[in-house]
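Being a predicted model, the structure only gives us computed values, none of them experimental.
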Amino acid sequence: MNNGAEPGTELFNTGPVSSECLGNLLRITLNADYFEDKYLSFFVVDQSGTAWELDEAMAAQCGYTVAYTTWRSIQLRASALSCHSHLQKDVFTITIQIKASHAPDMSNATTHLESASCHYGPWSHREITCENNYMEVSVRREVPQTIKDFLQDESQDWSLVFPEVKLQAKAEEASVWQIVFHQPEEKRALLVSNAWSAGYGLNTTDSRVLLRVPYTVAQVQLVEDQGITFSVLRSSIFYKYQWVILMVDTAVACPVDGVDYTNKTITWTVPKYIPPLSAGMTSFKDVLVEAGVDLHKLSAKEMASRKYVLLNELKAITMKIPIGAEGGYYKTSVSNGQLGIKYIINLFLEHQWEDNKWGLTKHTIIKEIETPFEQVEVAITSNLNLSAGLMNVTVGTFLPDAELVNLTIEGVVVAVPEAVQHGYLIHRTRYANGSKAYVIQVQLDATSVKKEYMREDMRAYILNVTLTFITYPSSETFVVPVIALSAVKDAVLPSARGVCDGRNLHLIITRGNVDQNWLPFISDWHLTQEAAQKYNYILRDNGTHLTISVPFLSPHVSYEGFHTSAIKASFYLTLKDDITLAQRRDFSVSCIFSPSELIQCLPNGTVIITAIKLVGGEDLDTALLVLRDRQCKPSLVTEKTATFKFNVNTCGTSRKFNSTTVAYENEVLYLRPGNDIPIYQLKFLCFYAVEQTADARYESKKNPPPTESYSEPYQESEYPVIKYLREALYFEVELLQPKDARLDLNLDDCWATNSQSHDSLPQWHILVHGCENNKDSYRMVFHKVNYSLRVKFPQHLKRFEVRMFTFVQGTSLFQEQLEASVLE
């Protein structure tokens, strides 16, 4: 049957399987659409109807080659002299059985039977074929006429003539023949059965002797000639014609390399004189050099249109093919997990020559050339359809031999059919050249689609998924990480408002649509629930609002202004990205608090005062703060505060009375070493209500003591007391009745006169409203009263000293006696 193909080519189309005769080869092609995603088994059927399964070893031994292309079509090539080929005259017939199943165990397989007959002839004296998986040589079997005319009447001892050939005893058996391998170190002879067991294929017809050699058998040698490496087997086959032993040289050689890749061009070089094929020749003449692709011969015009170059030179034949040229194809390749491509082209070269030893030799080389690995990048594009709530991501293109098999979504491997359950729809787009791309549609509310704030009102939708592909038929896998980002102006930033009550600052943040994973920070301190509890802060987050409440006196509150009537306190909070910790938004709340928040005046006379460090005073060490009495130091210190706890009668506290209250005053000081001028000064007052006061004139029960020990008063006999100017005179005032510990003696006014009458003039005030007279050059000095056997109630006594002075009126000096009056 001929369908208008080139001469010598016959096409047979039978649905999912088609056949094509190509010289001494039959090619059977399986339709990719029909056999896609199916497991296949091949069988060759002999004339008795028995099916022999073709595994890899049997295919090479019997003359069959299974080849895959990038289009996922499968080709099976069979030699005219293959096992179970029926050769009749110049026609060979081959029957192939194909089983296809969706299961690896080939259960429920469908069977397809393909039988084709091909015409081939005339045969050359010697024909050599170099296939991808075997070498084949067939030689015309000729019996010299002199032997045909010779009648052999009795047997002879042929082993004496051919010592390397071991004949079996029964010379009449036609199947007795042997093969001798010519190795460099020795010659080795094998019977046919042993040769078959070793992997060789041997066959004989009425006119030809054939030897088929898989490249993997032990006797094959690698020989280099003219820089090209050949697979070589030197052998002789002995066959019997009646009582005559005949020998045929069955040497075979096929080039292994000879391919170079430079300047985007494939250069394939094949020497013309190939040892051992040219051994013993003394004359050589080229008869024909033809080349083509996929076993189809190309004319010079066709080669030129494809920019092929075929050079028939003196010692070699060279083909040059531009990488990517028509006739080849690209296939997907994987190297160290990286995606790449290789260019594949199935060339063939037919060289016929005549020589004085063999006559006509036909040497056919089928060469699948594969270029080195070339890494490629996968294009990824994305866009958002906000109205539909979808992100569309296009990945690819890919060659037809790569197939998406699963996705890794947030660490979970999901097969393509199951992706819809995770919010993914996957579509495959095919292009006219056979390549394809994958379009992935993802719901924007899928958990794997992350939303991140970019800037201002911009928000990024980010898809991070890994795609796993497999290549056919090599079953290599590679992954494509897909990180798709689309920026949209739909960001809603968080906002905040601040409120304060009497003792706390509250910051209420309303969440936007970009800050669900932002973290609250106070400076570089991450504010967690545990951290908040440590400082008695309150942190609440209900998903829509984040609320932080901090007390007025807190380590993370800043005090920016201090006045007698107000303190400005501020609390600052930053929201940071949960991954990069980049600062996203700053918030603050500032409130005015009363200074009374710093002081507690307890009913028992205990004062608790907290001094605060203001903004700008970062170098102030709160541990070094003191009260007026510098021995009074803070009982509790933080970075920003110092707390003092003391009694109103200690630490240099002064008092001031009026009719209803008594005021206690002290101050917190910060002094640098060697400097008495404070750089920090905080005055404070405690007011206590006086339920009842009584004024009493001074009445002397005991005279003033002579010394500051206050142990012995002056006696009556010691009056008048003589004191010189600026000498100290010591006074003690005591509340005699009632003996009530709840009472406190305080001096309000004290003055001196120059007579015994306290109303006489002139007068000089020593104590004014409970305080020393600031006009006095030598101020009175109070002395501390401690508990003793004599003093049961220290608060009922006041002790002080006054430096002696004199009254002056104009330029005259009063000589009168000094009197002192004290009012309680």
Side-chain angles (χ1 to χ4, degrees), residues 3 5-6 8-45 53-56 58-85 92-100 111-118 120 129-134 136 212 214-215 292-298 326-332 342-350 364-370 399-401 434 471-475:
N3 293 330
E6 62 184 72
T9 300
E10 293 180 286
L11 302 175
F12 305 93
N13 297 311
T14 56
V17 181
S18 60
S19 302
E20 187 175 11
C21 296
L22 298 164
N24 64 338
L25 293 171
L26 167 67
R27 179 166 64 191
I28 296 175
T29 302
L30 279 60
N31 187 301
D33 293 334
Y34 183 85
F35 289 99
E36 186 175 13
D37 299 328
K38 293 180 181 178
Y39 295 90
L40 301 175
S41 294
F42 294 93
F43 299 82
V44 58
V45 181
E53 185 172 5
L54 285 175
D55 57 18
E56 187 175 335
M58 181 179 176
Q61 186 177 23
C62 283
Y64 296 90
T65 303
V66 178
Y68 295 82
T69 73
T70 192
W71 312 108
R72 297 185 66 180
S73 65
I74 301 174
Q75 297 179 357
L76 185 145
R77 295 192 294 268
S79 168
L81 297 177
S82 60
C83 300
H84 311 299
S85 169
F92 63 95
T93 302
I94 298 174
T95 302
I96 299 295
Q97 183 186 86
I98 305 154
K99 289 186 177 182
T111 301
H112 302 268
L113 197 65
E114 179 74 5
S115 182
S117 297
C118 296
Y120 179 67
T129 302
C130 299
E131 252 286 12
N132 290 340
N133 57 334
Y134 65 84
E136 181 180 280
R212 189 174 297 110
Y215 290 105
V293 177
D294 289 332
L295 299 178
H296 288 281
K297 297 177 182 178
L298 296 177
E326 179 187 353
Y329 60 88
Y330 284 98
K331 78 168 186 176
T332 303
K342 293 181 178 181
Y343 176 72
I344 312 295
I345 188 166
N346 289 295
L347 299 176
F348 89 96
L349 176 68
E350 183 179 302
T364 303
I365 304 171
I366 300 171
K367 184 73 171 178
E368 182 181 79
I369 295 179
E370 180 177 284
L399 295 174
D401 59 347
T471 63
Y472 294 97
S474 59
S475 297

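- When all heavy atoms of Glu53 and Met58 are compared, the pair lying nearest together is O-SD, 3.0 Å.
- Shortest non-hydrogen contact noted between Tyr329 and Asn346 is CE2-ND2, 4.2 Å.
- Residues forming a side-chain contact (heavy atoms from CB on, under 4.5 Å) with Asn133 (at least two apart in sequence, or on another chain): Ala59, Ala60, Thr65, Glu131.
- For Glu56, there are no side-chain contact (heavy atoms from CB on, under 4.5 Å) partners at least two apart in sequence or on another chain.
- Shown here are the salt bridge (Lys or Arg N to Asp or Glu O under 4.0 Å) partners of Glu326, two or more places apart in sequence or in another chain: Arg306.
- Heavy-atom minimum distance, Arg77 versus Ile366: NH2-CG2, 4.1 Å.
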Using the side-chain contact (heavy atoms from CB on, under 4.5 Å) rule, take Val293 and Leu347 through it: C-alpha gap first, then chi angles, then the decisive distance, then the call.
CA-CA 5 Å; Val293 177; Leu347 299 176; 3.9 Å; yes
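- Lys99 is linked by a salt bridge (Lys or Arg N to Asp or Glu O under 4.0 Å) to nothing, counting only residues two or more places apart in sequence or in another chain.
- Not counting sequence neighbours, the partners of Ala100 by the side-chain contact (heavy atoms from CB on, under 4.5 Å) test are Phe35, Lys38, Leu40, Thr110.
- Residues satisfying the side-chain contact (heavy atoms from CB on, under 4.5 Å) criterion with Glu136, sequence neighbours excluded, are Ser79, Thr129, Tyr134, Leu210, Arg212.
- Tyr343 is linked by a ring-ring contact (aromatic ring centres under 6.0 Å, His included) to Tyr330, counting only residues two or more places apart in sequence or in another chain.
- For Cys83 against Val44, the heavy-atom pair with the smallest separation is O-CG2, 4.0 Å.
- Remark: Tyr120 engages Trp123 in a ring-ring contact (aromatic ring centres under 6.0 Å, His included) (not counting sequence neighbours).
- Annotation: side chain of Ser18 is not in contact with side chain of Asn31 (no heavy-atom distance under 4.5 Å).
- Listed by chain and number, the residues in a side chain to side chain donor-acceptor pair (under 3.5 Å) with Tyr34 are His112 (sequence neighbours excluded).
- Applying the side chain to side chain donor-acceptor pair (under 3.5 Å) rule to Glu350 yields the partners Gln352; only residues at least two apart in sequence or on another chain are considered.
- Annotation: side chain of Ile28 is not in contact with side chain of Phe42 (no heavy-atom distance under 4.5 Å).
- To the nearest 0.5 Å, the span separating CG on Leu399 from OG1 on Thr471 amounts to 10.5 Å.
- Taking OG from Ser19 and CG from Leu76, the interatomic distance works out to 9.5 Å, rounded to the nearest 0.5 Å.
- When all heavy atoms of Ile345 and Gly327 are compared, the pair lying nearest together is CG1-O, 4.1 Å.
- Atoms CG and CG, on Leu25 and Leu81 in that order, are 10.5 Å from each other to the nearest 0.5 Å.
- Taking both residues in full, the closest heavy atoms of Gln75 and Thr29 are given as CG-OG1, 3.9 Å, listed atom of the first, atom of the second, then distance.
- Proximity of Arg27 to Asp294: side-chain heavy atoms (C-beta onward) are separated by under 4.5 Å at one or more points.
- Contact check for Phe348 versus Lys297: side-chain heavy atoms found under the 4.5 Å cut-off.
- Within a 6.0 Å radius of OH in Tyr215, more than 12 heavy atoms belonging to other residues, nucleotides or ligands are found.
- Residues that satisfy the side chain to side chain donor-acceptor pair (under 3.5 Å) test with Ser85, not counting sequence neighbours, are absent from this structure.
- The side-chain heavy atoms of Ile98 and Thr111, taken from C-beta on, include no pair separated by under 4.5 Å.
- Remark: Ser41 engages no residue in a side chain to side chain donor-acceptor pair (under 3.5 Å) (not counting sequence neighbours).
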